[in-house]
Structure formats: structure tokens, C-alpha cells
Amino acid sequence: MADFDLGAAFIPALHKPAALLPIAKHRESLLYLVETSPVTIVVGQTGSGKSTQIPQFLEQAGWCADGKVIGITQPRRVAATTVAIRVAQEFGCEVGKEVGYSIRFEDVTSESTRIKFLTDGLLIREALVDPLLSRYSVIMVDEAHERSISSDILLGLLKKIRKKRPDLRIIISSATLQAEDFRDFFAEPQEETTTDGKHTGDIASIVSLEGRTYPINILYLETPAEDYLEKAVSTVLDIHTNEPKGDILVFLTGREEIEQAVQAVSERSTQLPPGSQSILPLPLYAGLPTDQQMYVFEEAPENYRKVIFSTNISEASVTIDGIVYVVDSGFVKLRAYNPKTGIESLTATPISKSSAAQRAGRAGRTKPGKCFRLYTDEAYQSLSEANVPEIQRSNLAPFVLQLKALGIDNVLRFDFITSPPAELMIRALELLYSLGALDDYAKLTKPLGLRMAELAVEPMMAKTLLSAPSFGCLSEFLTIAAMTSLGGNIWIQHEGEKKQSESAKRRFAAEEGDHLTLLNVYQAFVTKGRKESRFCHENLLNFKTLTRAVSIRAQLKRYLERFGLNVDESLAAHSTSTTANNRAEQIQRCLTAGYFAHAARMQPDGTFRNVSGTTVLHAHPSSIMFNRKAGWVIFHEVMETGSKTFVRDVTRIEKSWLLEYAPEFYKTG
DNA sequence: AGCTCTTAG
């Protein structure tokens, strides 16, 4: 490119012409497979063009005749939108016309849409109104190997739908390792196996597409590292001094480690020999404000080498160009739900082999790369092959509720590609029963259970919202539901500005606890923060997440109005101090009606104990209740990290309310 | 006295 002396008259093509992609030569065989086989499993490497090309091949081959649609699901919203935009460009139409996408809050499709990209979760919700997904002729489940709960459930539904709709074609895109699991999942029971080892019951065909990646040289430690964080920092400096140019991506487990590493590298880089290239260390994690995340995508200034310290967000969700070196700590923070205690934990665990391969692959996207694994070859050999599917380590209550709403009564016998442990299912059923979403026969109750399933919030919050009209605080709970579903990230945290952030929080603090504090923050945001850009800045509030809260609140409000519930916004706005007290109490009572299972009592030493007295809980330092005295409280969330179990979003209640609103649940007390 | 991996509706 640099050889051309034509200046700005030429710009590089944004995309490779489709004909140059390796997938082009597989066009006919792919179409033949889809035509003849009900399920096609596409094993495609990075850069094979499967997500962009297959839908176009199908459209050209007539799969959209009679107004039918080709649906392609993605595990993430960004993927659904960016791939749709790209395919629309290649197709030569405006996004939303022949090629469109649909994600929560954004439906960019029309009557003429033939190729539709959407998230897995949204397609499951479409099944609530169209159980056979009859608008679609082909459904392609992209990135199925990631084994998210939604794509697992979607595959189970598709298997069921296929029996009633033999015309439906299913395409699953997968990594090599899982392809056979998907094939076996769709196989129909047969006794015999043919001599070539092929099951006669297979209805799925596997096709492999080569990708366009460069070779990666993988290096291990000779002896285990005592401290992988220190080792990561020294490895980065070694690469910087000994290896040719190219940016570095370092996989660590969380924010704290990342900030430490960034700090350490910037300190040590001052000791580099004079005249050498400088290092630009950058953090990357999901909780980082968007503007700071953007730095990692910018080209480093001349004479700087970019080093990105990242969480798992860079493993699949985010792609950064120009990475030549990967440093892999071998650890990831993984969420797991304990069905015995109902407590989620978040702990650093060794990654799987497939994760390690994925991380290494990040080095070979633009030219040959190197991956430095901060563990021994032996340690690598002892890693598990693949990650434990999300469905086996999550609170299943929201999904059991969705399955029930889809008419699947016997969820224990639902055809899961990997069955969740029975304990997880039972715990979910028990919770839904205690909330009144299921009756004595484990059938979905109407209208309560059905409405809970339709609301896009967790079951306990759904119950709270649907109870709110009888406490006269529906408007307030629309806000609280929206704010809690943001999962933190309401406050911007700058390094070394902890004091300011504390005092900013105190400006909105409510004596009753975090839920009313969140309500105050939201009120202030919609009255001032949305118009004055300084407001969020001065109060260290995250404009983007609060804007999202406004969208979520509006969506929830539409649902409740559809249920015929009247949302009176006038009462919330102006209230005298006596009605304000009463209003606070109604909110606390209503919260108890949905979150009674999340109750705790403060001990003289300032920690909390759950109702059965078996678990010690700590108020999270971000809570208003941190370092305050309280009696009984309700909390939104409980999570074990490291050695402590923290509760977040905590509000005072009266003990007697527990018995008043959940007599069944607490009858033995 | 001291802190959440990621993602979706």
C-alpha cells in the first residue's frame, strides 16, 4: 500500500470480497448439505466467513421464498449488529431492509427482511409468541461451542420444534472439539452402527471450513511460576526488550490484578535503556467506562508498544487488531452457583484447554505470533478439555420459568445437550414455587407465573414488580428493577478518587438502604443528569449505564401496561415528608414480598447471618449499609469472593414482615 | 475497614 503515491485518493477496502474467502469454494457442498440434511454442523475457523456468507448463500439459493426468513443467532448484541451491518453492505441494501437485526431495545427489521441476525435470548422469547418459530426456514446458531445457557436451551427447543416442522433447517456453528457432541445430540435413536463407525441415526452432517489464521508459536514455563502476576509483568518487559515489534495482550483474572499490572509496568518501563521504544500499558475489563475501553483500539503513538492487560473479555467478546504476542496467566474468574446454599461464588480457576487455544489464537490474526503460557506443559496437560457449560453452574430459576412458559411442563425431562445437576433444577423449582409462579403440581400459575416469565427481570424482582401495585409503589419499583438489573457500574471509579466517590454516593444516600438510594440517583439523573453533562461528571455517575436504566424502565413499563396494570407516575414526583415516610415503608414492605428468601440479621459484631444462621454475610463496601448498624435486612444479591460472602443492595426491613408476606416459607420459625 | 469474570431479556 505504501508504495502507491496517490495519497488520499485510495483507501483500503473495508472488507475482503466474498469470493476471496475460503468459504466460497464450499458453497455448493454447503447448500447441498443444508438441502439434504436437517441439521448441518459447520466447523469454521476464525476468519472463515461462515457468519457472513452462509446466510447469503441460502438467500440466493431460494430459502427465503414465500416470505420466509433466515435467522442467525449470536450470543452477543454487538456481534448481531456488526455482522448484520456487514452483510447488508455486501448484499447492497440498507440495514433493516432485506438484511436486518433485532436485539433488546432495537428492532432493525421490516416487512422485507429476509436475513435476520438476533441474539439467542431474543429468539427464545420469540418462541413465546410463535412456538414453532414458523417465520423461519433456516435457523443458524452461531458460536454454539461457547455453550451459553441461552444457546443450549435454544438447541433443545430446536430439536423439539424440528419434530413438528421437518421443513425447518438447522445450522450450528461450532469449534472442532464440540462438533460431535452436537451431532450426537440431534441423532435419532437407532440400534445399529454401520461398519464405518457412523451411527445410522445421525441426521446431522459435519462440514469443516478452513480459516485464515497465522501460525502461533506456543511457549511454556520450565518450572511453575510462584506469582503469575509478577511473572506476567516480567514476561511483558522481556518481550518488549527481546522481540520484534507488535502489541502484547495479557490475560489476567480481574480488575484489581489488571490495575496492579498496569501500575507495575509503567513504573518499570522508566528503567528501560535510554532511546529504546516505550511501553503503553492499558487496562481492559467490562466494568471500565466505555471511553477508557476505547483506548485499546487506538493505534499506539509512534515509538510505543501497546500492552493490554485484559480479563476474559478479550477471549471472545472483543477483538483487538495488531496483537502479535499473548501472555496467558492460565486463570479465569468463574461464576458458580451452589444449589445447597443458593449462593453464587466468583473465584479464580484454571482455564480449560479450549480456552487456552482461544487465547493463543488472539496472537495470530494479522501475522505469525507467539503465546507465552505462564504455566508448564505438564500443567497444560492436566487442564480439562472444555469449560463446564454455563447451564451446569447457574441459578436456573429464570430459565425454568421460561421453559414452563413455552409449555414445557416436565423441565426435568427436557432434552438438554448437557443436563444440569438435578439439585440445580430442584432448587429452581422450589424458589419458583415459593414465589407463587408454580402451583402444587409445578404448573405455571396464571396470571402471576406467566407474567413473571414475560418480564425481562429475575424471578424475585418480577414478583416484587407484580406485587408493587398493591403497595402503591409500582412507579418506584420500575425504577428500582431497572437500576438493580444494571449490576453495579452506576458509579465511575477513578484510581485514587475513592474519597470523592464516597462523598458523591452520600449525596443520594437514603437511611433505609441501597434500594431507596438507587431510586434517588435515578430521580436526580432524569431530572438533571440527562440534560446537564456536568451533572454526571460531578457526581461520578456513569451516564451510559444510567441511560440504559431509562430504557429498561420504559420496557418494563410497557410490559406492565400490557398486563393491564396502571402505572401512575404522578404520585412519585411530589410527596410531603409524611407521605414520603409512608412511601419508603411501602417500598420496604413490597421488597420483602419478593425477596423474603434473601433476608439476614445483623450480629453485634456488624456482620450478618442468614435466617437459618448458617452463613456469615458481609455488607459489600459499596453498600450504604457498610459500617452501619441494622437489624433485619433484605438484599438483592449474595456472592462469595475470595474468603468472604458479600451482600449487595441491602435495605432495612422489620422481621414481622417476613412472616406477613412469606408465611409458608418461614412457617417453621 | 475495604471491593464483580462475562453476557442476555
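With distances taken from any side-chain atom of A/Ile103 to the nucleotides B/dG9, B/dT7, B/dG2, the minimum falls on B/dG9. When distances are taken from the side chain of A/Phe646 to each of B/dC3, B/dG9, B/dT6, the shortest belongs to B/dC3. Looking at the side chain of A/Glu458, the nearest of the listed nucleotides B/dT6, B/dC3, B/dG9 is B/dG9. Across B/dC3, B/dG9, B/dG2, the shortest atom-to-atom separation from the side chain of A/Arg125 is found for B/dG9. You'll find that the side chain of A/Asn627 is closest to B/dA1, out of B/dG2, B/dG9, B/dA1.
Backbone-only contact: A/Ser317 has heavy atoms under 4.0 Å from sugar-phosphate atoms and none from a base. A/Ser622 comes within 4.0 angstrom of nothing in the nucleic acid, heavy atoms only. Within 4.0 Å of A/Phe105, counting heavy atoms only, lies no atom of the nucleic acid at all. Residue A/Thr311 is in sugar-phosphate contact alone, with no base atom involved, counting any heavy-atom pair closer than 4.0 Å across all strands shown. Looking at heavy-atom distances under 4.0 Å, A/Arg76 makes contact with sugar-phosphate atoms alone, never a base.
In this structure, the CG atom of A/Asp152 is 14 Å from the C1' atom of B/dT7, given to the nearest Å. Whole-Å rounding puts the A/Arg255 CZ to B/dG2 C1' distance at 13 Å. For A/Met461 and B/dA8, the CE to P distance is 20 Å, given to the nearest whole Å. Taking atom CZ on A/Phe251 and atom C1' on B/dT6, their separation rounds to 13 Å, with Å as the unit. Separating the NZ atom of A/Lys333 from the P atom of B/dC3 is a distance of 10 Å, rounded to the nearest angstrom. For the pair A/Glu454 CD and B/dA8 P, the interatomic distance rounds to 22 Å; values are reported in whole Å. Look at CE on A/Met625: it is 18 Å from C1' on B/dC3, rounded to the nearest Å. Summarising the geometry, the separation between NZ on A/Lys557 and P on B/dG9 is reported as 22 Å, rounded to the nearest angstrom.
In this structure, the salt bridge (Lys or Arg N to Asp or Glu O under 4.0 Å) partners of A/Glu637, at least two apart in sequence or on a different chain, are A/Arg648. By the salt bridge (Lys or Arg N to Asp or Glu O under 4.0 Å) test, A/Arg628 pairs with A/Glu511, sequence neighbours left out. The side chain to side chain contact (heavy atoms under 4.5 Å, CB included) check on A/Thr615 picks up A/Ile343, A/Asn610, A/Leu617, with sequence neighbours excluded. Residues meeting the side-chain hydrogen bond (donor to acceptor under 3.5 Å, both in side chains) test with A/Thr73, sequence neighbours left out: A/Asp120.
Of the possible donor and acceptor atoms, none in the side chain of A/Ser394 sits under 3.5 Å from a partner among the backbone N and O of A/Ile391.
Remark: aromatic rings of A/Phe608 and A/His618 are distant, center separation not under 6.0 Å. In this structure, A/Phe331 has its ring center under 6.0 Å from that of A/Tyr228.
Within residues 637-644 of chain A, the residues that have a heavy atom under 4.0 Å from DNA chain B are, in order of number, A/Glu637, A/Thr641, A/Lys644.
OP1 and OP2 of B/dT7 both lie 4.0 Å or more from every side-chain N or O belonging to A/Thr119.
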Name each donor-acceptor pair under 3.5 Å that joins a side chain in residues 446-463 of chain A to protein atoms two or more places apart or in another chain, with its distance.
{"unit_1": "A/Arg451", "atom_1": "NH2", "unit_2": "A/Phe563", "atom_2": "O", "d": "3.0"}
{"unit_1": "A/Lys463", "atom_1": "NZ", "unit_2": "A/Leu435", "atom_2": "O", "d": "3.0"}

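Sequence order on DNA chain B of the closest nucleotides to A/Arg77 and A/Leu334 puts A/Leu334 first from the 5' end.
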